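Reviewing the structure listed below.
Nothing here was measured: the structure is a model prediction, and the numbers come from that model.
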Amino acid sequence: MSAPFAFAQERVLPQSPVLTVDSDMMFSQSQFGVRVAQELAAEESVLLAENRRIQAELTAEEKALTEKRGEMDADAFRAVAEAFDARVVQIRKEQDAKAANIEQRRQREQEAFIRVASPILTTLMRDAGASVILERRDVLLGDPAVDITSFAIERLNETLGAGRPKDVVPEDE
């Protein structure tokens, strides 16, 4: 019994009229944010694979078109080339729209997260005797002891987990 006992240090919510939080960290390190990041990464991966496949197909088609150039009269080639160019422009617009949709979903998920985080932050603010929570990156100089980001993440994980409550479903679903 000569081994020293290790006592767990209990974390205590700071008591202060002003608190800070890193909302980006709160999102990215919460189970909710991790789930969103994984889902969006999967969507982006599918889109990138689709873009690579389309690029390979268009490159092959362009090469075949170039090889046929000598066999076609100039007007016929120009018509085929213009149709190809128009198709490429249309495909690019469609793929750009898919990428924009992913980014819009990212923004909607972050907005939904802030909506569900607000009551939790309000409770933390009340429990700490605070009247305001400031974004940490907007504070020029401050005591790191008043940062409640880890407390917020812990409570968010307890309350939300990785799930998505019914009132948080993004508009496109």
Can you check whether [X] reaches [Y] side chain to side chain, under 4.5 Å on heavy atoms?
{"X": "E57", "Y": "R53", "value": "yes"}
{"X": "V80", "Y": "L65", "value": "yes"}
{"X": "V21", "Y": "M26", "value": "yes"}
{"X": "D24", "Y": "R137", "value": "yes"}
{"X": "V34", "Y": "Q29", "value": "no"}
{"X": "V132", "Y": "P17", "value": "no"}
{"X": "R11", "Y": "S150", "value": "yes"}
{"X": "D127", "Y": "Q15", "value": "no"}

- Task: Keeping the roles fixed (side chain from D22, backbone from M25), state whether a donor-acceptor pair exists under 3.5 Å.
- Result: yes
- Item | Option passing side-chain hydrogen bond (donor to acceptor under 3.5 Å, both in side chains) with R106 (candidates E43, E111, E44, E39) | E44
Separation between [atom1] of [X] and [atom2] of [Y], rounded to the nearest 0.5 Å:
{"X": "F84", "Y": "T66", "atom1": "CZ", "atom2": "OG1", "value": "8.0 Å"}
{"X": "Q55", "Y": "E62", "atom1": "CD", "atom2": "CD", "value": "10.5 Å"}
{"X": "D147", "Y": "R136", "atom1": "CG", "atom2": "CZ", "value": "4.5 Å"}
{"X": "D96", "Y": "L47", "atom1": "CG", "atom2": "CG", "value": "9.0 Å"}
{"X": "E158", "Y": "I153", "atom1": "CD", "atom2": "CD1", "value": "12.0 Å"}
{"X": "N157", "Y": "R155", "atom1": "CG", "atom2": "CZ", "value": "12.5 Å"}

- I would like to know whether S30 and F113 meet side chain to side chain contact (heavy atoms under 4.5 Å, CB included); could you show each step before the answer? CA-CA 10 Å; S30 69; F113 177 77; 3.5 Å; yes
- Query: Does a salt bridge link D73 with R78, judged by any charged N lying under 4.0 Å from a carboxylate O?
  - Reply: no
- Any salt bridge between R105 and E109, counting N to O under 4.0 Å? yes
- Between E135 and T20, do the side chains contain an N or O donor and an N or O acceptor separated by less than 3.5 Å? no
- Can you tell me if Q90 and K93 form a side-chain donor-acceptor pair at under 3.5 Å? no
- Task: Begin from the C-alpha positions of F27 and I114 and carry the test side chain to side chain contact (heavy atoms under 4.5 Å, CB included) through to its verdict.
- Result: CA-CA 8 Å; F27 181 74; I114 293 301; over 6 Å; no
- Task: Spell out, yes or no, whether V18 and L13 are grouped together once hydrophobic residues are joined by side-chain heavy atoms under 4.5 Å, including indirect joins.
- Result: no
- Going through the distances and angles, do L134 and L19 end up as a side chain to side chain contact (heavy atoms under 4.5 Å, CB included)? CA-CA 6 Å; L134 302 174; L19 302 171; over 6 Å; no
- Item | Closest heavy-atom pair and its distance - P14, A128 | O-CB, 3.0 Å
- Query: Where do I91 and I54 come nearest, in terms of heavy atoms and distance?
  - Reply: CG2-CG2, 3.6 Å
- Is R35 close enough and on-axis enough to F32, meaning under 6.0 Å and within 45°, for cation-pi? yes
